[in-house]
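First the structure, in the form of structure tokens, and then the observations on it.
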Amino acid sequence: MTIAKTYSPKEAEDKWYNYWLQHNFFRSVPDEREPYTIVIPPPNVTGVLHMGHMLNNTIQDVLIRRARMKGKNACWVPGTDHASIATEAKVVAMLKERGINKKDLTREEFLKYAWEWKEKYGGIILEQLKKLGASCDWERTKFTMDDDMSEAVIDYFVRLHKKGLIYRGVRMINWDPQGKTAVSDEEVIRKEVNQKLYYIRYALSPESKAESLKSASDSELATSDFITIATTRPETIMADAAICINPNDERYLHLHGKSVFIPLINREIPVILDEYVTMDFGTGCLKVTPAHDLNDYALGQKHNLQIIDILNDDGTLNEKAQILVGEDRFAARKKIAVLLEEAGSLAKSEDYTSQIGVSERTGAAIEPKLSMQWFCKMKEMAQPALDYVLEGDVKLIPDKFINTYRHWMENVRDWNISRQLWWGQRIPAYYLPNGEFVVAKTIEEALEEAKQTNPQLTLADLRQEEDVLDTWFSSGLWPISVFDGVRNPDNAEINYYYPTNDLVTAPEILFFWVARMIMSGHELRNQKPFTNVYLTGIVRDKLGRKMSKQLGNSPDPIELMGKYGADGVRVGMLMCSPAGNDLMFDESYCEQGRNFANKIWNAFKLIQGWAVDSSLTNNNKIAIEWFDSRFNQAMAQIEEDFKQYRLSEALMATYKLVWDDFCAWYLEMVKPVYQAGAEKQSIDAETYAATIGFFQNILKALHPFMPFLTEELWHDELFGEREALDCVIVAQLPQIGEISTQLIAEIEIAQQVVAQVRNIRNSKQLSPKEALPLAVKANSGVDYIKYQPIIKHLGNISDFNIVNEAVAGAVSFIAGTDEFYVTLNIEIDVVAETERLQKEKTYLEGFLRAVNGKLGNEKFMANAKPEIVENELKKKADAESKLNTVEEALRNLAC
RNA sequence: GGGAGCUUAGCUCAGCUGGUUCAGAGCAUCUGCCUUACAAGCAGAGGGUCACUGGUUCGAACCCAGUAGCUCCCA
């Protein structure tokens with residue numbers, strides 16, 4: 001391999017991704033190994049890759065690659081969902097550009113265009129995932145509207161309907177006037193908006209007026225002539241069915257049993273009494289509009305009020321409004337305010353902020369609307385789905401989401417599953433001429449069933465429901481349907497892969513999706529769909545704002561990978577992503593990732609420059625033994641981090657192992673002194689072999705995080721000839737070997753010594769090239785002779801002596817509990833040195849006091865666990881020993 | 001309005017069962033270095049009243065109560 005100075009990811013990425021594909025490394029088929037399965041949260045087929053996907057899929061890829069390297073049969077199933085509202089909206093827009101109006105098309109014609117659109121743009125996001133390195137089994141790619149997937153959805157619908165879990169009914173639903181469809185409660189986003197609160201006068205009817213004269217209070221809100229209501233929606237007054245007041249409201253006692261006229265259209269409506277009305281909001285008089293408000297609807301039901309729906313499906317006013325017919329609801333609001341003003345019915349208007357619901361998909365203000373819809377009963381389905389989580393069969397990571405989950409599941413309302421769209425699975429309900437319907441998988445089966453009540457019926461008499469099912473209804477089956485487990489519940493694949501292991505998704509869709517998969521898993525298989533749900537945070541910019549197209553604060557993932565390399569971006573994403581917490585993303589994390597890749601590249605370059613000289617003996621036995629221990633220690637730590645899904649910590653442990661332990665210490669310990677003129681630097685055979693072995697293990701440890709760089713280096717000739725299938729992607733992670741904690745601890749002291757010497761050089765402005773003499777007066781059991789070569793080499797020490805007495809006139813420092821002396825050729829600043837030592841002495845004395853305080857405290861001795869007491873005793877001994885050393889050093893300085 | 005969570009260094013976060021020489025990491029900052037792997041680097045350093053107030057305890061970043069600020073979910 002030719003040696004570039006820096007790692008350039010571009011070629012490596014394309015090369016190795018294709019290589020992996022060619023050799024089927026992502027492919028999984030059931031075998032005798034333990035399966036490890038992840039199903040991708042299917043991205044919206046209309047989508048393009050954003051930072052949320054990057055995070056989500058990086059995590060999945062790390063998990064799946066690691067599983068593969070642990071000998072599991074790793075299967076990551078990719079795919080997309082059909083996103084009915086979003087996709088239909090895009091197709092409608094596309095048609096509009098071509099001058100085609102959806103209304104002029106039949107359902108079949110429209111679907112043809114929609115599929116055409118899907119074929120053209122639908123695969124983009126999956127292609128983008130490949131750039132990231134996603135090791136999905138692409139042969140398994142699924143789309144929620146594939147024939148088999150749709151069939152599963154229909155089967156499931158029929159099944160739930162048979163069990164009485166699906167019903168049809170009139171309900172107040174969330175209507176999206178732009179998408180012209182109902183949306184579920186979960187798809188409505190609450191938004192704070194500035195509105196106006198209009199105060200409108202309703203005239204009392206003549207007989208009401210005559211009577212009320214007697215009892216009228218002097219309230220200006222309700223004189224003998226009118227009462228005033230406050231509303232944010234004056235355009236709906238034409239749909240009013242009553243005015244409601246609180247029976248306890250003393251201001252309005254005179255209105256009990258009276259009636260009033262709606263302004264402008266002069267329709268008479270009753271005044272009703274209900275404690276529901278808040279007396280201190282607005283005027284205490286509430287206009288009741290059952291067709292256009294959820295609460296008013298309930299009130300209307302209770303008081304048996306008329307329902308007048310004055311809105312069309314697109315949000316314009318219909319004839320029932322009598323005035324402003326054909327105007328959009330928002331235009332009508334402005335116009336009616338003017339009309340009311342002119343009519344003298346508008347008392348005043350004031351600014352008011354309140355929350356309104358907007359459609360998650362189209363952004364349109366949601367219109368509460370009465371409509372016949374299909375519903376899925378949630379109570380029965382929610383209970384077992386809640387139990388899976390509460391009993392720990394399904395683990396939410398982090399577990400703080402259990403509370404949220406429980407709260408939602410315990411307060412869940414029936415799920416509106418019908419959508420007034422064409423793009424999706426059409427509900428398999430068939431209406432008979434008499435208005436009844438049958439639910440069946442096909443029209444033929446429906447006819448069979450219908451014939452049981454009316455044998456005369458033919459296919460032509462049946463009319464299929466126009467609505468399609470909510471996309472979540474199909475994605476709720478995802479972990480089962482991708483393995484064909486709905487249609488063929490006992491097939492080999494579903495039995496092998498299901499339940500899946502880990503699901504990686506966003507907390508935002510805990511209910512939309514996660515809960516519903518648990519429900520369908522329970523319903524269809526009496527099993528959980530997955531064991532662990534890893535909930536990622538939302539990717540925000542460094543100001544904490546959610547990344548969005550409108551703000552333009554989201555970097556383009558593809559450009560980002562071009563700039564920092566896929567590995568760099570993966571590292572960058574993971575570095576700042578503790579589970580369940582939002583991450584404040586900043587490009588500098590990717591930069592750090594890129595720098596890390598470069599560091600590894602250069603460490604490799606160093607080793608590449610070595611050549612074995614068999615005449616040399618191995619002087620690096622301790623270094624080798626030490627790094628071996630450190631490596632094993634780190635691997636154990638990383639294993640633990642993964643068990644707890646602390647991915648960012650696992651990455652950081654790997655990062656430090658490579659950068660600090662391997663590059664900064666190990667390589668510096670063993671690296672041959674530069675031999676001028678030599679093409680390669682001579683090194684003994686044992687050190688060379690050990691180092692290459694370490695490097696290879698490091699590549700394995702790094703691979704899940706940085707697949708491309710590691711694969712690139714894995715195939716270098718440095719490691720000898722490789723078989724075609726000998727790739728790090730399928731290499732097995734090293735077994736965790738023995739860890740000598742003593743060796744690690746002692747090397748740590750040696751490292752401290754080296755750092756202190758360097759520090760002295762630095763602070764005295766001495767050149768690193770100037771070798772210094774060092775002496776140690778050891779109280780501890782550390783065998784410094786053993787570490788002498790390392791300390792001498794790394795600290796650039798001329799002589800390293802072990803002494804029994806303090807060295808006069810030297811700068812001293814403490815490492816561990818031992819005192820070290822560096823003799824300098826320059827005058828020692830006695831004052832500064834004394835001050836430094838004095839400071840240390842004060843600290844140690846304080847520390848010792850605290851420890852002695854504890855040990856002298858009867859309650860502490862009585863209550864603390866024995867090992868804690870023992871520890872305190874050790875602290876005491878150590879501190880006393882150090883204090884002696886410092887005091888001695890001070891005495892030395894004084895003379 | 002109801003519920004949940006968060007607040008630790010300039011930034012992003014660890015800190016497990018209250019007890020290690022426990023106040024940590026990475027980045028950023030500062031100082032000195034173009035030292036034959038790497039300036040995308042090396043060597044070293046500084047930086048925190050653990051949001052605030054009280055309580056429990058021999059001992060509190062950690063447990064409890066209250067206060068403030070922030071975030072999310074539901075209505």
Side-chain angles (χ1 to χ4, degrees), chain A residues 3 5-7 185-186 190 278 294-295 355 398 400-408 411-413 507-508 510-511 537-538 540 542 544 564 568 575-578 580-586 588-589 591-610 640-641 644 646 648-649 651-653 655-656 659 663-664 667-668 671 673-676 678 681 754-763 765-769 794 796 816-817 843-844 847-848 850-851 853-865 867-872 874-875 878-879 882:
Chain A
I3 312 171
K5 196 171 180 187
T6 53
Y7 168 58
D185 293 339
E186 289 73 37
R190 306 240 151 223
T278 316
L294 186 58
N295 296 315
Q355 294 211 317
K400 68 176 178 184
F401 287 106
I402 294 174
N403 274 333
T404 323
Y405 183 79
R406 176 178 35 211
H407 186 257
W408 190 79
N411 296 287
V412 67
R413 294 192 297 176
E508 304 160 299
L510 193 53
F511 315 123
I538 297 166
R540 298 175 179 278
K542 62 176 170 184
Y564 301 104
M575 201 104 73
C576 59
S577 63
N581 282 347
D582 289 358
L583 53 125
M584 308 301 160
F585 179 80
D586 188 79
S588 64
Y589 288 108
E591 198 182 330
Q592 199 182 341
R594 179 202 59 181
N595 293 355
F596 184 40
N598 195 45
K599 183 74 189 176
I600 299 160
W601 178 261
N602 276 291
F604 185 81
K605 244 178 71 181
L606 174 69
I607 299 170
Q608 239 182 357
W610 296 347
E640 190 56 33
D641 287 337
Q644 297 180 51
R646 300 171 170 199
S648 56
E649 306 237 338
L651 171 59
M652 188 46 71
Y655 180 91
K656 285 196 276 195
W659 200 307
C663 294
L667 288 179
E668 292 300 333
K671 144 173 150 184
V673 189
Y674 182 67
Q675 299 134 32
Q681 307 299 308
V754 171
Q756 289 278 20
V757 173
R758 286 169 175 169
N759 188 17
I760 288 168
R761 243 195 219 100
N762 224 337
S763 61
Q765 309 213 342
L766 300 172
S767 160
K769 287 173 185 156
L794 296 182
N796 193 15
T817 54
Y843 169 80
L844 284 168
F847 181 79
L848 197 56
V851 174
K854 276 191 195 177
L855 290 169
N857 185 323
E858 280 173 34
K859 286 192 175 169
F860 173 78
M861 299 306 280
N863 292 329
K865 283 177 258 171
E867 60 266 30
I868 303 237
V869 176
E870 204 172 306
N871 207 1
E872 292 301 316
K874 184 176 180 297
K875 278 157 72 175
D878 283 357
K882 278 191 191 180

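Letters go in sequence order (proteins before strands), and every chain restarts at 1. Values reported hereafter were calculated over all heavy atoms of this structure, with side chains retained and with hydrogens, waters and symmetry mates removed.
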Mind checking what makes side-chain contact (heavy atoms from CB on, under 4.5 Å) contact with [X], not counting sequence neighbours?
| X | answer |
| --- | --- |
| A:Arg761 | A:Val757, A:Leu766, A:Leu772, A:Asn796 |
| A:Glu872 | A:Val851, A:Lys854, A:Leu855, A:Phe860, A:Lys875 |
| A:Asn403 | A:Arg406 |
| A:Asn863 | A:Lys859 |

Exercise. Could you write nucleotides 44-50 of chain B as a row of B, S and -, 5' to 3', where a protein heavy atom under 4.0 Å of any base atom gives B, of only sugar-phosphate atoms gives S, and otherwise -?
Worked result: SS-----

Seminar exercise, completed: Letter by letter from the 5' end, nucleotides 24-29 of chain B scores (B base, S sugar-phosphate only, - none; protein heavy atoms under 4.0 Å) -SSS--

Heavy atoms from C-beta onward define the side chain here; which of [options] lies closest to that of [X]?
| X | options | value |
| --- | --- | --- |
| A:Tyr674 | B:rC38, B:rU36, B:rG19 | B:rU36 |
| A:Phe860 | B:rU71, B:rC58, B:rU36 | B:rC58 |
| A:Asn871 | B:rC38, B:rU12, B:rU20 | B:rU20 |

Problem set entry | Sugar-phosphate only, base, or nothing, as touched by A:Asp878 at under 4.0 Å among non-hydrogen atoms |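 Base, at least one base heavy atom under 4.0 Å.
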
For this session: Determine the contact category for A:Arg646: base if any of its heavy atoms lies under 4.0 Å from a base atom, sugar-phosphate if only primed atoms, P, OP1 or OP2 are that close, otherwise nothing.
Result: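 Answer is sugar-phosphate: A:Arg646 comes under 4.0 Å of backbone atoms only.
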
Exercise. Start at the 5' end of RNA chain B and walk down; is the nucleotide closest to A:Gln644 or to A:Leu667 reached first?
Worked result: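 Per heavy-atom nearest nucleotide, the more 5' residue is A:Gln644.
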
Problem set entry | Donor-acceptor pair (no angle test) under 3.5 Å: A:Glu668 side chain, B:rA37 base |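 Yes.
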
For this session: Decide yes or no, distance alone: a donor-acceptor N/O pair under 3.5 angstrom between the base of B:rC58 and the side-chain of A:Lys854.
Result: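 Such a pair does not exist between side chain and base.
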
Determine the interatomic distance between [atom1] on [N] and the same-named atom on [M]; round to the nearest Å.
| N | M | atom1 | value |
| --- | --- | --- | --- |
| B:rU20 | B:rA43 | C1' | 29 Å |
| B:rU49 | B:rU53 | P | 12 Å |
| B:rC52 | B:rC58 | C1' | 26 Å |
| B:rU57 | B:rA65 | C1' | 16 Å |

Under 3.5 Å between N/O atoms: give me all the protein pairs with nucleotides 2-9 of chain B, atom names plus distance.
| residue | atom | partner | partner atom | Å |
| --- | --- | --- | --- | --- |
| B:rA4 | O3' | A:Asn403 | ND2 | 3.4 |

For this session: Mind checking ring pair (Phe, Tyr, Trp, His ring centres under 6.0 Å) for A:Phe596 and listing every partner two or more places apart, or none if nothing turns up?
Result: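 Here the qualifying residues are A:Tyr655.
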
Problem set entry | Results of ring pair (Phe, Tyr, Trp, His ring centres under 6.0 Å) for A:Tyr7 - residues two or more places apart only |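 Scan of A:Tyr7 (ring pair (Phe, Tyr, Trp, His ring centres under 6.0 Å), adjacent residues dropped) gives A:Trp601.
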
Check the distance between [N]'s [atom2] and [X]'s [atom1] and give it to me in whole angstrom.
| X | N | atom1 | atom2 | result |
| --- | --- | --- | --- | --- |
| A:Lys605 | B:rU36 | NZ | P | 13 Å |
| A:Lys865 | B:rG18 | NZ | P | 8 Å |
| A:Asn863 | B:rG18 | CG | C1' | 13 Å |
| A:Trp408 | B:rA75 | CH2 | P | 10 Å |
| A:Ile600 | B:rA37 | CD1 | C1' | 13 Å |
| A:Arg540 | B:rU12 | CZ | C1' | 14 Å |
| A:Asp641 | B:rC13 | CG | C1' | 14 Å |

For this session: Could you pull out all residues at least two apart from A:Asp586 that satisfy salt bridge (Lys or Arg N to Asp or Glu O under 4.0 Å)?
Result: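 Applying salt bridge (Lys or Arg N to Asp or Glu O under 4.0 Å) to A:Asp586 gives A:Lys542.
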
Return yes if some donor-acceptor pair links the side-chain N/O of [X] with the main-chain N/O of [Y] below 3.5 Å, else return no.
| X | Y | result |
| --- | --- | --- |
| A:Gln675 | A:Val673 | yes |
| A:Asn857 | A:Gly853 | no |
| A:Asn598 | A:Arg594 | no |

Exercise. Are A:Lys882 and A:Asp878 close enough for a salt bridge, meaning some N to O gap below 4.0 Å?
Worked result: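 Salt bridge: no.
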
Under 3.5 Å, which N/O atoms of the protein pair with N/O atoms of nucleotides 33-35 of chain B?
none

Seminar exercise, completed: For RNA chain B, the expected dot-bracket line (Watson-Crick or G-U under 3.5 Å, [ ] crossing, | inter-strand) is (((((((..((((.....[....)))).(((((.......))))).....(((((..]....)))))))))))).

For this session: Could you tell me the separation between the OG atom of A:Ser588 and the CE atom of A:Met575, rounded to the nearest 0.5 Å?
Result: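 Output value for this atom pair is 9.0 Å.
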
For this session: For A:Gln644 and A:Glu649, run side chain to side chain contact (heavy atoms under 4.5 Å, CB included): C-alpha distance rounded to whole Å, both residues' side-chain angles, the deciding distance at 0.1 Å, then the answer.
Result: CA-CA 10 Å; A:Gln644 297 180 51; A:Glu649 306 237 338; over 6 Å; no

Problem set entry | Heavy-atom closest pair, residues A:Glu508 and A:Ile538 |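 Closest approach of A:Glu508 to A:Ile538, heavy atoms only: OE2-CD1, 4.0 Å.
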
